[in-house]
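Accompanying notes for the structure given below.
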Amino acid sequence: MGTVEDVRIARRTGFCYGVREAIDMAKESAAAGRLTHTLGQVVHNEGVVAELQAQGVRTVDSLEDVSEGTAVVIRAHGVRPDVMERAVSRGLEVIDGTCSWVTAEQRQLQRLVDEGYTIVILGTPRHPEVVGLLGFAPDAIVVDDEEDWDAIPRKKRMALITQSTQPPWKFERLAAHMVHRAHELKIVNTVCPVTIRRQEDTVEVARAVDAMIVVGGRHSANTKELTRLCEIVGTPVVQVEGVEDISDPALFDGRRVVGITGGTSTPIEDLEKVACRLLEIAGSPSIAGREAEIARVALEAAATPAGRTTSLPRGQDPASLHAERRPARRPDPESAARATSPQDAAGAVVR
Ligand code: SF4
């Protein structure tokens, strides 16, 4: 017999704005009648990919799989500049869904290259965002875990920059490690604020509940960091990829209130499903029959206007519960210039 009576969903969860915008761009392109592709899965979430497929958006692994004149969406992680150029030269309509934060990161990296720094990138070496960054700085040294750090050479002028979803403490620790390795060290902090806010909200919930569930990709850096933070708080935590992994009620034995949070590629709707399933398998008899209602209330409490993130078309339920706010894009003069270039007719880049 279960003991869980209530669930709390962290305040700012669901897709980060970068992921959401890329998904929305793909949906809008397909809805406008274009044959639309995404270069790589827009998020590693089968439900989202299936939903996009149902709306006519196909996922391809290579530009060679996209026919001339059709649209290809660049996902939020961005791509190497040569990939972008090749897409345009092949006559594709390129819909640039690179997150504005990542675009700014790429520009800052390019500046460091132009200024002649030896560059260190903190990131997961094969993560698409890092692969894209290396297109701007092919000689950059990518390091991840602390055991890699001693391999960083000693150079006169060094610069440190990071993949957007790396934890801030790791970035700070690496910066301190590098201080002794360079005469001049330039530090460019590109940790995404969305990641930081999500961590803060996760800690807030973890402190107030008896157990936590973190929903997201098993290999996702930002998801793993949320799990680690719950452990630091001292709250028992289970990390799952989705609702299908919620199957063992024994994990929640004796817990009354369970908190739920998710990585930046996890749809907020998935958190509601996880909440509902948890209550079904581990709920106390006192809440029997009200599982869906309790899960919905938890979602509504999380989905504040300031934090609402979803891939649902604007205005569609449950977004209609609250006004949705799209963060303003940073001005992007380069993209604006590209979008109004003569290439617009064929092989255009659109944002
Ligand atoms: S985590 Fe931040 S930088 Fe990365 S895609 Fe999301 S909003 Fe953009």
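Heavy atoms only: backbone and side chains are in, while hydrogens, waters and symmetry mates are out. Counting starts at 1 for both ligands and their atoms, in listed order. Predicted model, so just to flag it, every value in this text is computed and none were measured.
When each of Arg80, His77, Gln163 is paired with Pro128, the side-chain contact (heavy atoms from CB on, under 4.5 Å) condition holds for His77 and for no other.
Around atom 6 (Fe) of ligand 1, the protein contributes the following N, O or S atoms at distances under 2.8 Å: Cys16 SG.
Around CG of Asp114, the count of heavy atoms belonging to other residues, nucleotides or ligands within 6.0 Å exceeds 12.
Remark: Met212 CE to Ile260 CD1 distance equals 8.0 Å, nearest 0.5 Å.
Leu185 shares a hydrophobic cluster with Val120, Leu122, Ile141, Val143, Trp149, Ile152, Met158, Leu160, Phe171, Leu174, Met178, Val179, Ile187, Val191, Ile196; the chain of contacts runs through ILVMFWY side chains whose heavy atoms sit under 4.5 Å apart.
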Practice task
Please lay out, stage by stage, how Thr190 and Gln108 fare under the test side-chain hydrogen bond (donor to acceptor under 3.5 Å, both in side chains).
Solution key: CA-CA 9 Å; Thr190 47; Gln108 283 165 316; 5.7 Å; no
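With hydrogens and angles ignored, the 3.5 Å screen pairs a side-chain donor or acceptor of Asp245 with a backbone N or O of Glu241.
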